[in-house]
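In what follows, a single structure is set out as structure tokens and then discussed.
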Amino acid sequence: MSELHSFSLFDTILYKAEVPEYLKNKDFMSVCDEHTDQAISNAKKLIDERNKKFKIDIKDHGMSYHSGAEMYKDERFHDFELLIRNTARNILENQGFDLSNYSIDYTEMWIQKFAYEGGGHQDTHVHWDNHVSGFYFVECSERTSKPVFHDPRAGRMMLNLPIKDHSKLCPAMERQIISVKPGTLLLFNSWLPHQFSVDNGIDPFRFIHFNLQAKKHGKK
């Protein structure tokens with residue numbers, strides 16, 4: 001047999017950058033704190049009802065405080081949201097998409113904080129009807145939850161084989177855990193399945209989540 005060549009087809013790409021300067025911006029942090037406080041306040045009734053139902057005070061264990069989804073409209077977030085929007089456009093164009101007749105607009109942007117008592121998490125999901133999604137980590141550490149990305153090819157799960165070394169990234173892997181720190185920015189195509197591992201409640205864990213959509217000019 002002649003030499004065997006390999007080609008990478010249908011790549012799944014995760015984009016990562018470190019932009020900690022926003023965490024030193026008072027206006028930026030004010031927006032984060034205001035939305036976080038409102039999310040915690042809104043969840044208080046739910047927590048009280050849950051504890052009453054189970055007749056035990058488990059406080060906020062397992063909670064994920066979720067703010068409203070229009071943070072991108074706050075003028076104090078202008079520089080940040082513009083960075084994300086322009087980066088999302090560049091990603092799609094570099095992937096080969098023709099956006100000459102499209103604008104990139106947010107469908108939502110919110111902040112999430114996991115429970116003080118631990119147990120906060122997100123199940124595996126995608127963001128339908130969007131094109132680029134991502135996270136910006138405001139508070140995290142080596143001891144907090146981590147984002148986990150899954151192989152989007154559902155059919156391969158039927159044919160999986162044992163992996164030789166889980167510590168090395170290889171084509172055999174069906175999921176990948178990503179290490180992050182405060183100021184880490186992650187972007188990816190919205191069809192990529194992702195989740196957040198269970199948080200132990202040791203250190204604060206808070207991040208901004210956003211989704212963007214390519215909208216054809218003339219369409220609402």
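As the structure is a prediction and not an experimental result, all values here were calculated from the model. Residues: numbered from 1 along the sequence shown.
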Criterion side chain to side chain contact (heavy atoms under 4.5 Å, CB included) on E174 and N160, from CA distance to verdict: CA-CA 8 Å; E174 61 186 32; N160 272 354; 2.4 Å; yes
Do the rings of Y136 and F28 sit parallel, tilted or perpendicular, given the 30° and 60° boundaries? perpendicular
Side-chain heavy atoms of [X] within contact of [Y], under 4.5 Å:
X	Y	answer
E18	K16	yes
V126	L192	no
F137	P147	yes
L14	I178	yes
V138	M29	yes
F97	Y102	no
S133	F188	yes
E81	N86	no

H121 and S64: side chain to side chain contact (heavy atoms under 4.5 Å, CB included), yes or no, with the steps? CA-CA 7 Å; H121 65 283; S64 176; over 6 Å; no
Distance-only side-chain donor-acceptor flag, [X] / [Y], under 3.5 Å:
X	Y	value
S30	R76	no
N25	E21	no
D105	Q213	no
H194	H150	no
H127	H209	yes
D151	Q176	no
Y22	D79	no
S145	D199	no
N211	T107	no
W110	Q112	yes

Aromatic ring centroids of F77 and Y106 under 6.0 Å? no
Y72/F210 aromatic ring centres below 6.0 Å: no
Minimum heavy-atom separation for [X] to [Y], with atom names?
X	Y	value
N51	K59	ND2-N, 3.6 Å
G119	V198	CA-CG1, 3.9 Å
A115	G62	CB-N, 3.9 Å
A172	I163	O-CD1, 3.7 Å
R89	L99	NH2-O, 2.7 Å
L23	G183	CD1-N, 3.5 Å

What's the separation between atom [atom1] in [X] and atom [atom2] in [Y], rounded to the nearest 0.5 Å?
X	Y	atom1	atom2	value
L212	K215	CG	NZ	10.0 Å
F135	T184	CZ	OG1	12.0 Å
C140	K146	SG	NZ	8.5 Å
T87	L92	OG1	CG	11.0 Å
L185	L83	CG	CG	6.5 Å
T36	I208	OG1	CD1	8.5 Å

Quick test of your reading of the model: are [X] and [Y] salt-bridged, counting only N-O distances below 4.0 Å?
X	Y	result
E49	K53	no
R50	D60	no
D48	K52	no

Would you say the side-chain atoms of Y65 pair up with the backbone N or O of S41, donor to acceptor, closer than 3.5 Å? no
Sub-3.5 Å donor-acceptor pair from the side chain of T124 to the main-chain atoms of P193, do we have one? no
Please walk me through it: do R153 and T12 pass side chain to side chain contact (heavy atoms under 4.5 Å, CB included)? CA-CA 10 Å; R153 300 168 297 178; T12 298; over 6 Å; no
Decide whether F114 and M71 are clustered together by the hydrophobic rule: side chain heavy atoms of Ile, Leu, Val, Met, Phe, Trp, Tyr closer than 4.5 Å, transitively. no
